[in-house]
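The structure appears below as structure tokens.
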Amino acid sequence: MSLTHQAHADRDGSGRPLVRIALLGCGTVGSGVARLLIDPAAAVAVRSGIDFWLEAIAVRSVAKPRSAEIPSELFTEDAARLVEDPQIHVVIECIGGTGVAATLVERALANGKHVVTANKDLLATRGPELRLLASRSGVTIQYEAAVGGAIPIVRTIADSLAGEHILEVGGVLNGTTNFILGEMGAGASYESALEQAQRLGYAEADPTNDVEGIDTAHKLAILAQLAFRRALVTPNVPRTGITKLGREDLSLAKRLDMTVKLVACARLGGSLVTPAYVRRSHPFAQGTGAQNCIRVMGQSSGSLTFAGTGAGGAPTASSVIGDVVAVLRHIETGIVVGAVADHTLTNAWGVERTIPLRRIVRLVSLRDARPAREALRSAGVAAEQCDGVPAILTTQALDASNDDLRALLRAHDLAAESILPLWEDLPAEATVAPAQATAEALSVR
Ligand code: HSE
């Protein structure tokens with residue numbers, strides 16, 4: 001193996017590769033990663049068949065008190081030096097965000113270092129170009145931890161399903177909002193549920209990203225990039241968060257034998273992040289707390305569902321370590337794992353349209369839903385009453401916004417308390433579509 005390239009590492013006296021790793025960031029995820037790299041019981045070297053050396057951990061302030069398990073001499077405030085250091089072969093980025101982390105990742109890749117990152121913001125907004133940079137530098141960028149915490153989904157789509165014609169990818173991708181919706185369903189207020197999610201380490205530094213659906217859109221964009229080889233980035237994902245939901249929406253769901261989830265979905269015909277009513281029997285309804293559920297529907301594979309803890313330091317650190325082992329094995333064997341040939345990524349054509357869904361309109365008055373039904377029908381929107389509850393269900397998938405529906409009802413002196421989509425799967429015939437199925441045919445019902 002050539003020693004001329006940084007990413008190929010040096011070798012010790014016995015000829016074994018000696019890999020030097022730098023960790024950037026030591027917060028919730030970073031400190032978990034540091035502990036696992038240091039802990040002999042984690043046996044990272046044994047699992048990868050290669051020795052490594054944790055050279056340094058870059059932090060904003062070395063003065064900040066930290067876990068006694070991590071030797072203090074590892075800490076430095078000079079992250080920029082580490083990504084330029086020719087002695088470093090692998091950079092693990094656990095800073096997050098698209099500011100300083102982006103520059104450091106870019107420099108590390110340009111300098112021929114493998115990068116492992118949990119940074120979904122970065123991958124969802126600049127993934128295609130960073131992967132291209134990695135492949136030009138002859139290194140890999142691994143990001144299993146960016147989606148679904150401990151759930152192994154990134155490499156599953158990139159590698160195991162590489163030969164599959166994927167029809168749809170999505171699910172419940174954000175632990176914080178799933179936790180909040182569960183707590184609200186049990187009677188808690190939105191504010192207290194959010195505070196608790198922050199205390200438990202589920203929420204982002206700025207929880208706006210969680211509750212406005214941005215974090216979910218990031219993860220969906222990453223999955224769609226892999227599944228459809230489209231350069232879908234977060235700003236192109238039609239998105240609504242959970243901030244406008246009330247406890248009444250959750251209690252109506254219960255009466256309908258449904259639940260409310262922040263659902264994400266991407267197909268070749270469109271994508272969407274939205275709070276939605278989901279039937280209790282549906283896989284997306286199953287996860288409680290910070291659990292995520294990710295489903296891939298492939299033409300030959302059928303439906304594959306992955307579930308597990310999607311947020312929190314330990315599960316995410318576990319995924320990062322999995323990536324580190326994959327990179328170390330790559331250095332040992334010279335075989336690239338988990339990388340998408342980025343020159344095949346085309347534009348985001350088709351994926352960025354909104355997926356139309358039917359809607360449940362929660363009405364102000366529970367006495368008689370007929371006038372609302374009639375009002376919608378007069379505008380060409382068929383609707384049916386939901387039995388025993390003050391709500392109607394539009395019986396056709398709608399492209400029109402909730403504002404249009406509200407305005408329509410208001411014009412007939414009717415008020416809607418809330419309007420939420422009802423999540424429904426692709427029709428059965430689309431999931432068993434023959435090979436000649438077109439993106440157009442699969443796009444919408
Ligand atoms: N804030 C994220 C979530 C963390 O709640 O899912 C994991 O990406």
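What you see below is based on every heavy atom in this structure, not just the backbone, and it leaves out hydrogens, waters and symmetry mates. Position 1 is the first residue of the sequence; numbering continues from there. Whatever order the structure lists them in is the order used to number ligands and atoms, beginning at 1. Keep in mind that this is a model prediction, so the values were computed, not measured.
- In this structure, the side chain of Thr354 does not engage the main chain of Pro356 through any donor-acceptor pair within 3.5 Å.
- The aromatic rings of Phe284 and Trp423 sit tilted relative to each other, their planes meeting at an angle between 30° and 60°.
- The contact set between ligand 1 and Asn174, taken as ligand atoms under 4.0 Å from a residue heavy atom, comprises 2 (C), 3 (C), 5 (O), 6 (O).
- Those atoms of ligand 1 with a heavy atom of Asp210 less than 4.0 angstrom away are 1 (N), 2 (C), 3 (C), 5 (O).
- The atoms of ligand 1 that sit less than 4.0 Å from any heavy atom of Thr176 are 1 (N), 3 (C), 5 (O).
- In the vicinity of Lys219, heavy-atom distances shorter than 4.0 Å reach the ligand 1 atoms 2 (C), 3 (C), 6 (O), 7 (C), 8 (O).
- When only non-hydrogen protein atoms are considered, atom 8 (O) of ligand 1 lies nearest to Lys120 NZ, 2.5 Å.
- Checked by distance only, ligand 1 and Gly175 come closer than 3.5 Å through their nitrogen or oxygen atoms.
- Contact detail for Gly112 and Val139: the closest heavy-atom pair is O-CG1, 3.3 Å.
- The ligand atoms of ligand 1 that sit less than 4.0 angstrom from a heavy atom of Glu204 are 1 (N), 2 (C), 4 (C).
- Side-chain contact annotation: Thr394 with Arg358, donor-acceptor N/O pair under 3.5 Å absent.
- A search for salt bridge (charged side-chain N to carboxylate O under 4.0 Å, His left out) contacts involving Lys261 returns nothing, not counting sequence neighbours.
- Taking atom 7 (C) of ligand 1 as the reference point, the nearest protein heavy-atom neighbour is Gly310 O, 3.3 Å.
- With sequence neighbours left out, the ring pair (Phe, Tyr, Trp, His ring centres under 6.0 Å) criterion links Phe179 to Tyr202.
- In this structure, His114 has its ring center closer than 6.0 angstrom to the ring center of His330.
- Residue-ligand proximity, Ala311 to ligand 1, at heavy-atom distances under 4.0 Å covers atoms 3 (C), 4 (C), 5 (O), 6 (O), 7 (C).
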